[in-house]
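Below is one structure, written out as structure tokens; comments come after it.
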2 protein chains.
Amino acid sequence: MVTISDIAAALGVTPSTVSRALSGSPRVKEETRLAVEQMAAEMGYERNIVASNLRKGKSDIVGVIVPRIHREFFSNVIGGAESILNAAGYSVLICQTHEEFDAEVKALRTMRNNQVAGVLMSHAIGAMDGTHVLDTLGDSIPLVQFDRVFSSLPGAKVVSNNFQGAYEATKHLVSQGYRRIGTLAGYMNSEAYAARLDGYRKALEDNGLPVDETIVFYDTIVRETGFEGGLKALEAGCDALYCAGDFCALGAIEAVRSKGLRIPEDFGIVGTANESFTALMTPTISSLALNPFEMGRQSALAFLSGEGETVVVPMELKVRDSSNRNRQLNLTHICPK
Amino acid sequence: MVTISDIAAALGVTPSTVSRALSGSPRVKEETRLAVEQMAAEMGYERNIVASNLRKGKSDIVGVIVPRIHREFFSNVIGGAESILNAAGYSVLICQTHEEFDAEVKALRTMRNNQVAGVLMSHAIGAMDGTHVLDTLGDSIPLVQFDRVFSSLPGAKVVSNNFQGAYEATKHLVSQGYRRIGTLAGYMNSEAYAARLDGYRKALEDNGLPVDETIVFYDTIVRETGFEGGLKALEAGCDALYCAGDFCALGAIEAVRSKGLRIPEDFGIVGTANESFTALMTPTISSLALNPFEMGRQSALAFLSGEGETVVVPMELKVRDSSNRNRQLNLTHICPK
DNA sequence: GATGTTTGTGCAAACGTTTGTATTATTAAA
DNA sequence: TTTAATAATACAAACGTTTGCACAAACATC
């Protein structure tokens, strides 16, 4: 491995001059810089980042902590963050917590020991509050939280606009002429789900429809509970459902079909998250898209800017066949061109 | 930040003793080790990994380079690798290449500068051979390639058993009574697709069916080309298709349906990759599953073992409704319990 | 031409750890 | 009791970079 000392020796200068030349300090003559740069290229020099980091007490590595890398949402967040960070000269160190508190603490410790320049994280379900973050990370490492955030912690936060999104989704169902719109609401211990429920309620109110608590179905997240929720909604006379997840929306669709009803003519469905399968089903499923890539970008930008503000990333309603009564089913994917 | 010198000072010993005590060297008295450990805990000491790495010339970071983090396959590979590496005390540094050669070189350089303990990688489409890897990485950093490998490069390789997998998939179609089985074969400049085609051919041969080149449809990868391929297969009198991808299988299913035929009664379909949507469609799509998580695990294990062997990860045929003539459609997902 | 100000380099310490060698304390053998 | 062996610790250099300070040369000011 060739070092700055080697370059210095080759040029008859000192390592400090080489260091300054390579880092673009104004304290070296233009001529010297050129000579150094040329020699560095010639000798195939690459700065030893580890040594540099030790000396500077900072690294160009940013830690990202997520519950699970291979969940679509998180891998997209990582992709978004990486796109910004890489361009800014940072690398990304990944840890997953598998939703466990202990693993989250361990991940934070890993980040601190590696002296990362900052940490972007989304908390494990198992983490009840944020005290462990401050304890482990100290206050010298900037923190950015995304999606699952503790407002008690300092630093920037990047979240989805769940209220507004659910409001739009519900309003869309109203605009399509559905009149008894229920919801599969998810778990209320999650802030995100609670906000979606609020948005749903507000949309009904604002559009002159009654808010009927008997057609709010809680704890419906996965396909099976979505199916059950769908059946209950039918019994309760619903003609549409805003679903706080896509898997439960899928279950609900199957429930509606099992009763011989048509979608979207007889029953409308909007899911949430824009999972990739929603665009592939027949009918395609309307979904309120999270924007994980953008959340990743915003998290990275928040880290780079160093400001501690909260960024709200809008959700986007993808109107597809399952809620679109006004036009023919979109069959372009079945019969291309 | 508390250092080993602080601990040493507090105990009236030297930093070297503290270092040895903490790393479990047999050259310190049991009594001293205990005292050091206790003091370290008391003072909240955490080893500075950067300094340690600099001195040792090695780090406990393993680099992973993939074309795109948020592709399902790769994020699962990363998840698998991380599960092994984390347990072994390593952290994972991620770079993506976006399928570009230049980005791959940059990623390799990042890895080298960070003095990673090893690199696990899958090459970008844009990389034509492996010379850049050797040039950039040198021969001191162990390399493990997975999925997209250059056999010319040294080190371990982890690949899927495409030949065997396609063989099994095709044999399965034969066993279900299909007799004119075509294939949507994909791009032949990819080793993986070529191997699948070979496996398909061999299975037909071994089962006494003719290998008919007029029902091998090339360059069919995405949904649209799959739809076209499906139509052509119907015109050619096929009653089944082995598809080298899941998206083209989806297209083929839509083509079959557009002609009013039933699946699997009139026409059988098997896809490849086990994309998550295959289990969610109606009917569910049989698919030849890659095993990305296991490939990640094997890559990490290959790195840890230091051996340069090639590991072949078996593919697994997931028999679902689209090719299963022998039993009723699997409706458990529609009507739970 | 003496004094003050830039400008460009060199010197040397520092970042926190690890590790080969030297030194001391302890024990065993003669 | 002396000597040899061993055990435990101290010493000091190293890893490669960065950076405050010192220093010299070049230039400007009066």
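Chain A is the first sequence line, chain B the second, and so forth, proteins listed ahead of strands; every chain is numbered from 1.
Residue A:Val13 is classed as a sugar-phosphate contact, given heavy-atom separations below 4.0 Å to backbone atoms only. Using a 4.0 Å heavy-atom criterion, one finds that B:Ser52 contacts the sugar-phosphate atoms exclusively. Heavy atoms of A:Thr32 sit under 4.0 angstrom from primed sugar atoms or phosphate atoms, though from no base atom.
Looking at A:Thr97 and A:Ile65, their side chains come closer than 4.5 Å, going by heavy atoms from C-beta outward.
Residue-to-nucleotide contacts include no donor-acceptor pair under 3.5 Å from the side chain of A:Thr3 to the base of D:dC15. You won't find any donor-acceptor pair under 3.5 Å spanning the side chain of B:Arg27 and the base of D:dA8, going by distance alone. One can find a donor-acceptor pair under 3.5 Å joining the base of C:dG10 and the side-chain atoms of A:Arg20.
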Test salt bridge (Lys or Arg N to Asp or Glu O under 4.0 Å) on B:Lys106 and B:Glu100; report intermediate values, then the result. CA-CA 10 Å; B:Lys106 194 181 159 211; B:Glu100 282 163 24; over 6 Å; no
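Atom-to-atom, CD1 of B:Ile49 to P of C:dT17 comes out at 11 Å; the value is rounded to the nearest Å. C:dC15 atom P lies 18 Å from atom CG of B:Asn53, rounded to whole Å. If you measure from atom CZ of A:Arg55 to atom C1' of D:dT18, you get 4 Å, rounded to the nearest angstrom. The distance from atom CD of A:Glu46 to atom P of D:dC15 is 19 Å, rounded to the nearest whole Å. C:dT7 atom P lies 14 Å from atom CZ of A:Arg33, rounded to whole Å. If you take CD of B:Glu31 and C1' of C:dT26, they are 13 Å apart, rounded to a whole angstrom. For A:Lys58 and D:dT18, the NZ to P distance is 16 Å, given to the nearest whole Å. Per the geometry, CG belonging to A:Leu22 stands 13 Å off P belonging to D:dT19, to the nearest Å.
Residues A:Ser25 and A:Ser23 have side chains that never bring a donor and an acceptor to within less than 3.5 angstrom of each other. Side-chain contact check for A:Glu316 and A:Asn291: no donor-acceptor pair (N or O, by modelled atom type) lies under 3.5 Å.
Place A:Ser23 and B:Thr17 on DNA chain D by their nearest nucleotides, and B:Thr17 ends up nearer the 5' end. Between A:Ser16 and A:Pro26, the residue anchored nearer the 5' end of DNA chain C, judged by the nucleotide with its closest heavy atom, is A:Pro26.
Among D:dT9, C:dT9, C:dG16, the nucleotide with an atom closest to any side-chain atom of B:Leu54 is C:dG16.
A perpendicular orientation is assigned to the rings of B:His70 and A:Phe293, their planes being inclined by more than 60° (bins at 30° and 60°).
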